[in-house]
Amino acid sequence: MSFPLLTCAAALPAVGAVATAALPAARRTAAKWVALLFSVATFALALVIAFRFDPGAKGPFQLTESHAWIADFGVRYELGVDGIAVALIALTALLIPFVILAGWHDADPLEEARPNRRWRPTQGFFALILGVEAMVILSFEATDVFLFYLFFEAMLIPMYFLIGGFGDGASGADEEGAAARRASAAVKFLLYNLAGGLIMLAAVIGLYAVTADQLGAGTFSLQQIVEARAAGHLALGTGTERLLFLGFFFAFAVKAPLWPLHTWLPGAMGESTSPVAVLITAVVDKVGTFAMLRFCLQLFPEASRWATPVILVLALISILYGALLAVAQRDIKRLIAYASISHFGFIILGIFAMTSQGQGGATLYMVNHGISTAALMLVAGFLISRRGSRLIADYGGVQKAAPLLAGTFLIGGLATLSLPGLAPFVSEFLVLVGTFSRYPVIGIIATVAIVLAALYVLVLYQRTMTGPPKDEKIRALPDLRVRELVVVGPLIALLLFLGVYPKPLTDLVNPAVDHTLSVVDEQDPKPEVRVDAVPGHQRAGHPAHHHDAEAAK
């Protein structure tokens, strides 16, 4: 049996979480370093997976592992990765060390407020982050539907405690009010996602019942179900398939988040610390869009085509609604949250455009959005921690006091508006091209968000960074420290590199996109050629030579 790389990639942060949580209360610094070392080791293992993966190999999944788990119910421990999963595992493993470094002191206020408490905030904070990482990686690797569902839901528990238990100290002077707002945001996050998960559970059980009825033994194996359908051994009725699709899609749309199921996100991101906000939107939410590609489209191809028009309209609303509300925000973190809703609309638009450009662009958007949002949110967090306020009106003239902070904030913002030369531009361009080739009206309307993105990013930068310093607190702001430069420097470098050379990512994900389109039985639309534009063509009523007729064909 080959070495279980995929299991180790998920087990390593899980072991790190246990080791961090087990450290004594007095070993706060040691807990931070243990968490960081385990996260770096996980990233190294993710790189090994990426180098071992062969994009040109046959078959949908590689590095597979399969073991009996709950045999009586057809549940297996099945793991496997395609190019899309490899890219998202690498993104997750890349971001977690930066999240840990950025949150190095985020638990300190709780330690100082209640030094004699039994609960160890520092150990708990970093252990929860590693626990989320382990569950997200397993979600990207799972090819058994039940196994995926288990970790898709389990990651809600550590996220609930991260959102509700730790604040950024910028919610106002009333600490009790700030704690109440954090608790409310955490409960809303949990209820929304639990509701989606319960509906998905009913669909998972329904899928098992159908396979048990038609295959003789129930199964949750994605590959087995797809192969059985292709061979004609499994036929879901139209009504049944559409109901099952809606059960899966609803859960993924909540996680994504797609309008109108998005309302938990601004509060969760606004009330949590900036590193936890990055964990939400750059890591956890990607599981929802990834699952649309892996499970919705491949398990229910006919239902996916049936629901496409409605989903495209919802994605378009998300794009415009998120951008418009971002323009109107007075809170820096909530502005970034609404911008993320707009970006997730682009991702879902690309997925359901059912073209290779659209789905390839959507996959790249998942990766590039994760990097750009992490860069912008973490720099915003450094700014907020210095001034003690999330309100845009409390800033002005920061670039004179902290030019490095202002410069990195500007690059993160420009990446968010998809400036050419930065990584998100390639993704957004491919999504729009892929959408326009099949749905030109939707593609044209979606481009309005480009103007709105420029508006909310540039106005944010103008109000916070330019002009004379607003007050003495702004004049005294320190610039980025070494630890903070270590956090944002590599992210900025990646945005620049992938902006001018996205080929490593496109080569990785394109075969998986082609496989998904083949399962859905969709092909890229052929461009229409006007006959009168073909050289040598003659109008009707005039003789045409043979070579002219062939050219017209």
Side-chain angles (χ1 to χ4, degrees), residues 10 68-79 131-132 134-161 186-215 217-226 228-229 234 236-237 239-258 260-265 268 280 284-304 307 311 348:
W69 183 20
I70 310 175
D72 292 342
F73 294 98
V75 180
R76 297 185 62 82
Y77 177 79
E78 281 191 353
L79 306 180
V132 171
M135 294 174 190
V136 169
I137 289 176
L138 266 173
S139 298
F140 291 142
E141 296 173 344
T143 57
D144 182 277
V145 176
F146 185 84
L147 182 67
F148 168 83
Y149 172 78
L150 181 66
F151 292 104
F152 179 81
E153 287 293 279
M155 70 179 71
L156 301 180
I157 299 172
M159 285 306 308
Y160 169 79
F161 288 108
V187 169
K188 191 172 184 179
F189 161 83
L190 188 64
L191 290 178
Y192 267 67
N193 284 273
L194 277 179
L198 288 174
I199 292 174
M200 180 183 170
L201 178 60
V204 169
I205 295 171
L207 180 65
Y208 175 82
V210 172
T211 59
D213 180 58
Q214 297 193 27
L215 301 179
T219 181
F220 293 103
S221 171
L222 171 65
Q223 193 165 354
Q224 186 177 345
I225 293 172
V226 171
R229 293 200 64 172
L234 179 64
L236 300 178
T240 300
E241 179 173 345
R242 292 177 180 180
L243 284 174
L244 295 178
F245 168 85
L246 291 174
F248 277 72
F249 181 80
F250 183 84
F252 303 152
V254 171
K255 185 86 76 179
L258 177 68
L261 306 171
H262 67 285
T263 56
W264 62 268
L265 181 67
I280 294 170
V284 171
D285 287 355
K286 298 298 187 299
V287 178
T289 48
F290 165 80
M292 292 179 189
L293 276 167
R294 172 165 283 189
F295 295 104
C296 282
L297 268 60
Q298 298 194 40
L299 287 173
F300 316 110
E302 188 280 332
S304 298
I311 294 173
I348 297 170

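- From F295, atom CZ reaches atom CG of L207 across 10.5 Å, with rounding to the nearest 0.5 Å.
- I311 and F245 get closest at one heavy-atom pair: CD1-CZ, 3.8 Å.
- Within the 3.5 Å criterion, the main-chain N or O of H262 finds no donor-acceptor partner in the side chain of Y192.
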What do the steps show when you test Y208 against V75 for side-chain contact (heavy atoms from CB on, under 4.5 Å), and what is the final call?
-> CA-CA 10 Å; Y208 175 82; V75 180; over 6 Å; no

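- Proximity of a side-chain donor or acceptor of R294 to a complementary backbone N or O of A142 within less than 3.5 Å is detected.
- For the pair L299 and L236, the minimum side-chain heavy-atom distance is 4.5 Å or more.
- Note that OG1 of T143 is 10.0 Å distant from OH of Y77, once rounded to the nearest 0.5 Å.
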May I have the step-by-step check of side-chain contact (heavy atoms from CB on, under 4.5 Å) for E78 and L222, ending in yes or no?
-> CA-CA 9 Å; E78 281 191 353; L222 171 65; over 6 Å; no

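- Within 6.0 Å of CZ on F161 lie no more than 12 heavy atoms contributed by other residues, nucleotides or ligands.
- The CZ atom of F152 lies 7.0 Å from the CG atom of N193; values are rounded to the nearest 0.5 Å.
- Between the CE atom in M135 and the CG atom in L150 there is a gap of 8.5 Å [rounded to 0.5 Å].
- The main-chain N or O of C296 is found under 3.5 Å from a side-chain atom of S304 such that the two form a donor-acceptor pair.
- Partners of F151 under the ring-ring contact (aromatic ring centres under 6.0 Å, His included) rule, at least two apart in sequence or in another chain, do not exist in this structure.
- Identified under the salt bridge (charged side-chain N to carboxylate O under 4.0 Å, His left out) test for residues 197-211, with sequence neighbours left out: none.
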Take M155 and V287, measure what side-chain contact (heavy atoms from CB on, under 4.5 Å) needs, and give me the verdict at the end.
-> CA-CA 11 Å; M155 70 179 71; V287 178; 4.1 Å; yes

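- Shown here is F146, whose CZ atom has no more than 12 heavy atoms of other residues, nucleotides or ligands within 6.0 Å.
- Here the side chains of L79 and L147 are in contact, with some heavy-atom distance below 4.5 Å.
- In terms of heavy-atom proximity, A256 sits nearest to M292 at CB-CE, 4.1 Å.
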Show the numbers, then the answer: is there a ring-ring contact (aromatic ring centres under 6.0 Å, His included) between F148 and F220?
-> CA-CA 10 Å; F148 168 83; F220 293 103; over 10 Å; no

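- Atom CD1 of I157 is separated from atom CG of L190 by 8.0 Å, given to the nearest 0.5 angstrom.
- Side chain of W264 to main chain of L191: no donor-acceptor pair is present (N/O by atom type, distance under 3.5 Å, no hydrogens or angles).
- The shortest non-hydrogen separation linking P257 to L265 is CG-CD2, 3.7 Å.
- Looking at every heavy atom in both residues, K255 comes nearest to L156 through NZ-CD2, 3.4 Å.
- Here the CG-CD1 distance, from L246 to I199, works out to 10.0 Å after rounding to the nearest 0.5 Å.
- You'll find the side chain of D144 stays beyond 4.5 Å of the side chain of W69, heavy atoms only.
- Inter-residue side-chain proximity for L201 and I205 is flagged as met; some heavy-atom pair is nearer than 4.5 Å.
- R229 has no carboxylate O lying under 4.0 Å from a charged side-chain N of E302, or vice versa, which leaves the two without a salt bridge.
- Here the closest non-hydrogen pair linking G196 and A251 is O-CB, 3.2 Å.
- Nearest heavy-atom pair, A186 versus Y160, reported as atom, atom and distance to 0.1 Å: O-CD1, 3.5 Å.
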